[in-house]
Structures are given as C-alpha cells and as structure tokens.
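Order of appearance sets the numbers: ligands from 1, and atoms from 1 within every ligand.
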Amino acid sequence: TKTILLKNRPKGRPTTSDFEFVTEDNDPKISDGELLLETTYVSVDPYLRGRMSDAKSYVPPFELNKPIQSGVIAKVVASKNSKFNEGDFVSGMLDWKTKQVSNGEGLLKVDGNKAPLSAYLGILGMTGMTAYLGLNEIGKPKAGETLVVSGAAGAVGSVVGQIGKILGLRVIGVAGTDEKIEMLKSKFGFDAGINYNTTKDIKGAIAEAAPNGVDIYFDNVGGPISDALLFNINKFARIVICGAISVYNETELPKSISVQPFLVKNSALMQGFIVSNYSDKFPEAMKHLSGWLSEEKLTYSETIVDGFDNIPNAFIDLFDGKNKGKMIVKI
Ligand code: NDP
C-alpha cells in the first residue's frame, strides 16, 4: 500500500518535495462494518491548494505528515459491511492511498454501466454540480443574455459554457492556449473565445466578443482577467465567484482594482459560491446533467494521467493549464 502525505505547506507554487510517499508491505485489515477499498481514479483539484496552507477557510487545512484527501473512485475488494458488496465501485472523499479501509460513511455507490467511472469525479461529480449550481443559483441565466466564463477549458468552465448554450445564452470563454480556444468553439459550442496569454487588451477583446455587454460572469480565476471583465458588465449583471486560481499560489496580497464602483454603477451582484452549501440541490443538478449527457446536449473532456506516483505532478500541472477538462489520475 502506498500513501501520499503532505510533507510541507507549499510556499507559493507547490513542488513535488511538498509531498512524501510512504509504502507499507501489507494490505490493511478490515473489521466488522468495514470495507477494503482499492483506488481506481483520483481527482486533483485547484481547491486542494487552499487546504495545503494553514489559513482559515471553509474546509479545515490538511495536517502535516497525514494523507491528503480528494474525490476518489474506488473498488470494494473486501466487505464486512452489509451495505456494500465486493466488486462495487464507490465515490467519496478518500485518502491518497492505493488501498484503504472505510466504514462506508460518506461513500456513494457509482454505476460504471451508466457512465464511465471517471465521469463521477467530473461532469457527474463535484465539478459538474459546481457548474450547474453556480450558474443557476447565482448567475440566474435568462435566454438571450451574454455569459463570460474564465478557466473556460477546465472541468468547471467547460460545463458552465455548455449549460449556458443549452439555456440560450451567448457564451464567451477565456482560456490559456489557442488549442483550448479552438476546443471551446468546436467541441463545446462556445460562441467566442479569448486566449488571455496572447491577448494584450483583454478588456477590449471582451467588449468585441460581447457587443451587448456581459450579463453574467462565471469567475474561476480572479486577477487581471476578472479586472478586465468589470469594464464590460451590464446593469444588473451577476458575477459568480467560483474560484481564483490565478492567486492561489501568491505569497502577497494581489493588487486588484477596486470592484465597488463597477458594482454600484451597474447595480451588479457579486457573490461567492461554495458547492457544498447547495447539497440539497445535488439531485436536481444530477438529473439535469445526466439527462443532457444522454441526450448528447452536453459532452466533456478529461485529461487522464496514469499512475499513483504521478498524483502530485498532475495536481501541480493544474497551475500550468496542462489539463483540458477534468484532470484525473488513473491508478
Ligand atoms: P480546471 O480544470 O479549470 O483547472 C485549472 C485551470 O485553471 C487550468 O487548466 C488553467 O487553464 C487555469 N489557470 C491556471 N492558472 C491560471 C492563471 N494564473 N490565470 C488564469 N487561468 C489559470 O479546474 P476546476 O474546473 O476544477 O476548477 C476551476 C475553478 O473553480 C478553480 O478556481 C477552483 O478552485 C474552483 N472551484 C470551486 C468550487 C466551489 O465550490 N467554489 C468547486 C470546484 C472548483 P488555462 O490554460 O486556461 O490557464
């Protein structure tokens, strides 16, 4: 059994030396009520960076020299718990371990015949819920409006944009490479895309792509992209603050512009979003996402990295935009 521990709290950008691998010879033993799980897929997510630091947040920090946890799909390889059978697949917040014991609490059975197992970490998992609920609950989309999504080619962003199209919006995505912009348009049906790495005047590019102004901004990145967006919002615009990956590795407070004048002038709303606050709406989100998937109105991309040992690298690569769609490690 291999385990990955948090060795150091990363300073700035995480490095592989912030993680430690531990190997034990024997499989863990299970008692009554417990299951032995073998990890199949591991989700790596930008929010884990926050849990690696010890600043107060909405989830407690990881402890040093303890296993890191994230969304995991695992196979039940032995069971002394009547709710789970050997051979079942489950999803849950589990340790970065090749094998582990669970009492079954917090685990959901997932059905590999209904969708590929990895999809339960993405489009039918936390990032899909985030896209659906963030856009609907705070964005309150109305057909004919204009939506801008940052981090548009990632797990959350690519789904937000597609839902926007299903709901009849004009959708503009901001992402980091020309290849990603091409994918947004050809695979996900976005109306326009902006490569923030090659565009000097992002504010002007947004104005050009959104001739009627921006009604909804789904913000995954914060920083200069989001500053540029503020110049383009309409009256009663809604800004969904889902994430701020551009500042997660900053060691000093970012120098952003002051948002207040933009919000006042446009009677605009800006609200932070945390998916776990909307758990009562997960069944509704799941129903729509799986329905649209089976009707082929929705599709998804995954970047699948092979091997348990590559989990830290896959996580670090999120900050370099190495992924298209959901970044997942296959064990
Ligand atoms: P992604 O799949 O979008 O991966 C991260 C992407 O961020 C990269 O592919 C990269 O794409 C982009 N990126 C990296 N650095 C920068 C930068 N400096 N400026 C702009 N873009 C950058 O991850 P997720 O879809 O899982 O998450 C997206 C956002 O949503 C994150 O901020 C995350 O924290 C947040 N989130 C929030 C949740 C909530 O409940 N609030 C739940 C889930 C996610 P590129 O090549 O385009 O730069």
Original post:
Around ligand 1, what residues show up once you keep those with a heavy atom under 4.0 Å from it?
Top reply: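 Lining ligand 1 at under 4.0 Å, by heavy atoms, one finds Pro46, Tyr47, Met126, Thr127, Thr130, Gly154, Ala155, Val156, Ala175, Gly176, Lys180, Tyr196, Asn220, Val221, Ile225, Cys242, Gly243, Ala244, Ile245, Ser246, Tyr248, Phe273, Ile274, Val275, Leu318, Phe319, Gly321, Asn323, Gly325.
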**OP:** Inspect the surroundings of CD in Glu284 and state if more than 12 heavy atoms from other residues, nucleotides or ligands are less than 6.0 Å away.
**Re:**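 Result for CD/Glu284: enclosed.
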Original post:
Are the side chain of Lys99 and the backbone N or O of Val77 linked by a donor-acceptor pair below 3.5 Å?
Top reply: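 No; zero donor-acceptor contacts below 3.5 Å.
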Original post:
Sub-3.5 Å donor-acceptor pair from the side chain of Gln162 to the main-chain atoms of Thr299, do we have one?
Top reply: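 Flag set: sc Gln162 to bb Thr299 pair under 3.5 Å.
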Original post:
What residue among Thr98, Asp309, Thr23 forms side chain to side chain donor-acceptor pair (under 3.5 Å) with Lys2?
Top reply: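 When Thr98, Asp309, Thr23 are each tested with Lys2, the side chain to side chain donor-acceptor pair (under 3.5 Å) holds only for Asp309.
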Subject >> Pair Phe273 and Tyr278, ring centroids less than 6.0 Å apart >> reply: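 Yes, ring centres under 6.0 Å apart.
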Subject >> Result of checking Glu302, Glu179, Glu182 against Lys324 for salt bridge (charged side-chain N to carboxylate O under 4.0 Å, His left out) >> reply: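 The salt bridge (charged side-chain N to carboxylate O under 4.0 Å, His left out) with Lys324 is passed solely by Glu179 among Glu302, Glu179, Glu182.
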